[in-house]
Amino acid sequence: MYSPNNIEPKWQKAWLSEGIFNADDASKLPKSYILDMFPYPSADGLHVGHPEGYTATDIYSRYLRAKGYEVLRPMGWDAFGLPAENFAIKKGIHPRETTEASIANFRRQIQSFGFSYDWTREINTSSPEYYKWTQWLFLELFKKGLAYKKFAPVNWCEHCHTVLANEQVIGGACERCKNPVIQKELSQWFFKVTDYADELLSGLDSLDWPENIKAMQRNWIGKSEGLIFSAPVKDMSIEIRTFSAHFEACYADTFVAIAPDHSLLPELVAGLPNAKEILDFSQNIVNERAVNREEPEPTGIFTGRYIVNPLDGKELPIWVASFAMAQYGTGIVKCSAHDERDFAFAKKYQIPLKVCLLPTDPTEAERVRNFEYCYSDTQHGVLTEPAEFAGKNARDSRQDIATYCQRNSFAQPETIYRLRDWLVSRQRYWGTPIPIIICDTCGVQAVPEIDLPVLLPEDVDFLPTGESPLARSASFSALVACPNCGNPAQREVDTMDTFVCSSWYYLRYTSPNDADCPFTKEAIDHWLPVSLCVGGAEHAVLHLLYARFVAKALRDMGFLSFDEPFTRLKNQGMILGEDGEKMSKSRGNVINPDSVVEQYGADTVRLYEMFMGPFSDQKPWSTQSIIGSRRFIEKVWTIVQTCIDEQRFGDESAHITRDLHKTIKKVTEDIESFSFNTAISTMMIFSNTLQKELQVGNSLQKETLESFLIILSSFAPHVAEELWSQLAHSDFIARAPWPSYDPALAKDELVMLMIQVNGKTRDHFEAAPDMSQEDALAQALTQDAVKKYTQGKEIKKVVFVLGRLLNIVID
RNA sequence: GCAGGCGUGGCGGAACUGGUAUACGCGCAUGCCUUAGGAGCAUGUCUCGAAAGGGAUGUGGGUUCGAGUCCCACCGCCUGCACCA
């Protein structure tokens, strides 16, 4: 009787106590580093989506070990973060307690799946032994000028009394409490990700990552090349700079739009009688924008100021416009009839427009001249201005226009990025303290490395007030001596974004217990870069971009000798509830991993999650379908038991040996390409074949079963281990070498040759794979089914694909 | 709007560089076994047709001896970013 609840814990204990999945740093074998994005240990416990990724890396890791690789496959906990803190506030329990309980629960759940982790390398980002080195990383970046402090507007949730990361703002509202998020100016720490914008972009090309993830990162970085035009404000000593990516039609510009929250605006309107009205109006736009994320009807107000357009000396009115963004480009735009948004805005406020780009069709050109619609097609449009370019195609003239504008000192070429520096400050408790001391005389000072870690105080009232709870801790000793002058100074009381913790964790796994340094050059050079990284697509931009940035920064400091941390990346698709919706407590469609493991066994759940569909596709859970994976395991169980009980080992039919080799080939290739669903279907087909063979009374070679169990063991390790031991093996199947296949045997002895007439399949017969065209044609023409169509017709052409088909083309 | 992707049975999904469309699994039907079975085994399961044969991979075109696969247009869906100048 197959009883997973007995055999699974037994083998899990055996693997653990033997330490057979522990990575040997000194191994001379080829090495491979397989990394799961480590989980955030929430109080809710594991989601069935977690084991989806972990099973995939487990299959791959077990496969690589069997192939003779030394595999580093660690697991740890991304343990700091807001959910634990909010949970603690709600329950009145310290986040350290709840986090430790969650970790224990996660560890138990993950171990119940029998994943082949090296548990001696387990890390916890909320432990002082780990965050000491997160602080070290901060200081290294600080020393290099890559960490800096400045006043900046941030997302602030009034209800939670805390800043939120951009990704925690969903549709303008707080992800947790759904209240609107406002912009607030605070002194904040930033990492200078923008210094690496270009390399973060170009580095993507060489990576074996899913195309959509690369596209998202490219999008996020948002490189844009264009011109910066400079122009004086009439009657003022202010110069206005505007960025244009689509500058081909710059001669049509008739007004200027400035962002309502632009820092230059107060100065610009100072002294005007309606200055207050303009600033109030602008503030309203800003407030409205924060609450309403829908793209509203553009609004604006005339500032009363003009720029003198360097192109023609004409005065262009400056408008405050809701569509102008302070954070993008220079925050000020020159506007024209050749941009949809500008066009709509000008129509609304009756701002004069002009055209300098026309379609080639005369009727259409006339309509554009009459401003009947906005024309912006620089691909096909023809310029009318300046005179030198009249009649020329806009796209073809792009470079010449740029040169023209530069030569006349109208503009300078400029590349801008959408990417902003990474805001890492958090006014919350459950995170890594920022290791900085602020002195009135010496300014911002690094905590000396010898004083690290700056411990997170435990005696904290973490109820949110808007100020970091660390400021109110007695033991945190916010008052310290300045490391530079010795005078009383103030500790930084903010903590770091948890993405800082996770930006370098994969490095720590190489020497997780080293108290003297974050990692050693030797271990890094041995294991890194990561061969394969697997996780959810929700980390597509943030985590993966930050990790890349940190790697590049550490490389430039001489700590690392690779450019990209994750050579190959795979994303698991989300597992949805049975209703096809995202699993959530409120929908009541959550599948609990504990109960399915309890009911079916870990091997069945592992198989089922891999069999559901392509690894990176979203797929709904089906309680009905999971039984198929269990039946497959029981079928294999029965086959092996039958062979043992009935002494059915012996010579086997030749086609069984062939099928085995085909199965090994297909499963091997499918594991390499992460096509686990088809690998499993191949093994199912083979088990069906074996079952039939036993039913008709034939015997099987023991080696055939053993090879099959080895490939199965990467997917369903417990049952494979159990059956392996029943076949009288004393060592673990987890240590058995991957079976090789004979390419000759993996091919079909006879193939089905399709016979088509005019492309329609009319017949087929078995043939040797190397049957020639002449032989195939000769045989085909003797078949009745073919004769019926070819009799008395002239054969115009014969198409022959070796070992596949013959197509006879007649009239 | 921009970017990436997807449309194949009742359902999840197969189909390598174009070459038997619907593998494998679920479900369903019939039968065997059984005191019984929500167990196990066997057979069947796109569609029209008695058959011969025909029609089906979102829609319409195209390339080809041959298209689920390649090209063009359209429709629908999903994901991410989005007033990005």
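Residue numbers begin at 1 in each chain, while the letters A, B, ... track the order of the sequences.
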Report the distance from atom [atom1] of [X] to atom [atom2] of [N], rounded to the nearest whole Å.
X        : N     : atom1 : atom2 : value
A:Asn212 : B:G5  : CG    : P     : 8 Å
A:Asn758 : B:G19 : CG    : C1'   : 15 Å
A:Leu544 : B:G4  : CG    : P     : 19 Å
A:Lys797 : B:G66 : NZ    : C1'   : 10 Å
A:Phe243 : B:A85 : CZ    : P     : 8 Å
A:Lys223 : B:C81 : NZ    : P     : 23 Å
A:Asp617 : B:G7  : CG    : C1'   : 12 Å

For the residue pair A:Trp422 and A:Tyr546, categorise the inter-ring angle as parallel (less than 30°), tilted (30 to 60°) or perpendicular (more than 60°).
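Taking A:Tyr546 first and then A:Trp422, their aromatic rings lie parallel (interplane angle under 30°).
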
How are the rings of A:Phe632 and A:Phe708 set relative to one another: parallel (under 30°), tilted (30 to 60°) or perpendicular (over 60°)?
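Geometry flag for A:Phe708 against A:Phe632: perpendicular rings.
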
Using the 3.5 Å cut-off, write out each protein N or O paired with an N or O of nucleotides 31-34 of chain B and the distance between them.
none

Suppose you measure atom [atom1] in [N] against the same atom in [M]; what distance do you get, rounded to whole Å?
N     : M     : atom1 : value
B:G61 : B:U22 : P     : 26 Å
B:U8  : B:A14 : P     : 12 Å
B:C72 : B:C65 : C1'   : 23 Å
B:G80 : B:C11 : P     : 26 Å
B:G7  : B:U59 : C1'   : 11 Å
B:U45 : B:G10 : C1'   : 11 Å
B:C24 : B:C74 : C1'   : 35 Å
B:G1  : B:G18 : C1'   : 36 Å

Rounded to the nearest 0.5 Å, what separation is found between the [atom1] atom of [X] and the [atom2] atom of [Y]?
X        : Y        : atom1 : atom2 : value
A:Ser244 : A:Phe229 : OG    : CZ    : 5.0 Å
A:Asn698 : A:His655 : CG    : NE2   : 7.5 Å
A:Leu207 : A:Arg568 : CG    : CZ    : 13.0 Å
A:Phe255 : A:Ser336 : CZ    : OG    : 8.0 Å
A:Ile575 : A:Asp617 : CD1   : CG    : 12.0 Å
A:His539 : A:Ile213 : NE2   : CD1   : 10.5 Å

Does a salt bridge link [X] with [Y], judged by any charged N lying under 4.0 Å from a carboxylate O?
X        : Y        : value
A:Asp342 : A:Lys334 : no
A:Glu211 : A:Arg218 : yes
A:Glu52  : A:Lys619 : yes

Identify whether any heavy atom of [X] sits under 4.0 Å from a base atom; if not, whether one sits that close to sugar-phosphate; answer base, sugar-phosphate or nothing.
X        : value
A:Pro614 : sugar-phosphate
A:Gln691 : sugar-phosphate
A:Gly803 : nothing
A:Met216 : sugar-phosphate
A:Val809 : sugar-phosphate
A:Gln695 : sugar-phosphate
A:Met612 : sugar-phosphate
A:Ala540 : nothing

On RNA chain B, does the nearest nucleotide to A:Met325 precede the nearest nucleotide to A:Ile213 from the 5' side, or the other way round? Give the residue.
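Its nearest nucleotide being more 5', the pick is A:Ile213.
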
Most 5' of A:Pro298 and A:Lys692 on RNA chain B, judged by nearest nucleotide:
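On the 5' side of the pair lies A:Lys692.
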
Write down the partner of [N] under the Watson-Crick or G-U wobble criteria, each distance required to be under 3.5 Å.
N     : value
B:C16 : none
B:G27 : B:U45
B:A56 : none
B:G7  : B:C75
B:C2  : B:G80

Distance-only donor-acceptor test, A:Asn807 side-chain atoms vs B:C65 base atoms, 3.5 Å:
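Answer yes: a donor N or O sits under 3.5 Å from an acceptor.
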
From [options], nucleotide with atom closest to [X] side chain:
X        : options             : answer
A:Arg341 : B:A85, B:C41, B:C81 : B:A85
A:Asn219 : B:G80, B:C84, B:G19 : B:G80
A:Arg804 : B:C16, B:C65, B:G13 : B:C16

Please write out each protein N/O paired with an N/O of nucleotides 52-55 of chain B under 3.5 Å, distance rounded to 0.1 Å.
{"residue": "B:A52", "atom": "O3'", "partner": "A:Lys788", "partner atom": "NZ", "Å": "3.4"}
{"residue": "B:G53", "atom": "OP1", "partner": "A:Lys788", "partner atom": "NZ", "Å": "2.8"}
{"residue": "B:G54", "atom": "OP1", "partner": "A:Arg762", "partner atom": "NH1", "Å": "3.4"}
{"residue": "B:G54", "atom": "OP1", "partner": "A:Arg762", "partner atom": "NH2", "Å": "3.2"}
{"residue": "B:G54", "atom": "OP2", "partner": "A:Arg762", "partner atom": "NH1", "Å": "3.1"}

N/O to N/O distances under 3.5 Å, protein versus nucleotides 21-28 of chain B:
{"residue": "B:G25", "atom": "OP1", "partner": "A:Asn688", "partner atom": "ND2", "Å": "3.2"}
{"residue": "B:C26", "atom": "OP1", "partner": "A:Arg631", "partner atom": "NH1", "Å": "2.5"}
{"residue": "B:C26", "atom": "O2'", "partner": "A:Gln624", "partner atom": "NE2", "Å": "3.3"}
{"residue": "B:C26", "atom": "O2'", "partner": "A:Ser625", "partner atom": "OG", "Å": "3.4"}
{"residue": "B:G27", "atom": "OP2", "partner": "A:Arg631", "partner atom": "NH1", "Å": "3.3"}

With a 4.5 Å cut-off on side-chain heavy atoms, are A:Ile755 and A:Phe765 touching?
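The answer is yes, as the side chains (C-beta and beyond) meet within the 4.5 Å cut-off.
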
Report the C-alpha distance between A:Ile626 and A:Gln599 in whole Å, list the side-chain angles of each, state the deciding distance to 0.1 Å, and finish with yes or no for side-chain contact (heavy atoms from CB on, under 4.5 Å).
CA-CA 11 Å; A:Ile626 190 171; A:Gln599 192 179 351; over 6 Å; no

Quick one: is A:Gln618 getting a side-chain N or O under 4.0 Å of the B:G5 phosphate, OP1 or OP2?
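For B:G5, OP1/OP2 do not have a side-chain N/O of A:Gln618 under 4.0 Å.
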
Between A:Lys619 and B:G12, is there a side-chain N or O to OP1/OP2 distance below 4.0 Å?
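No, A:Lys619 has no side-chain N/O under 4.0 Å of OP1/OP2 on B:G12.
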
Do the ring centers of A:Phe345 and A:Phe343 come within less than 6.0 Å of each other?
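They do not qualify: ring centres at least 6.0 Å apart.
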
Using the glycosidic torsion, which applies to B:G9: syn (within 90° of 0) or anti (everything else)?
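This nucleotide is in syn.
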
Could you pull out the closest heavy-atom pair between A:Phe676 and A:Ala56, with the gap in Å?
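Residues A:Phe676 and A:Ala56, closest heavy atoms: CE1-CB, 3.6 Å.
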
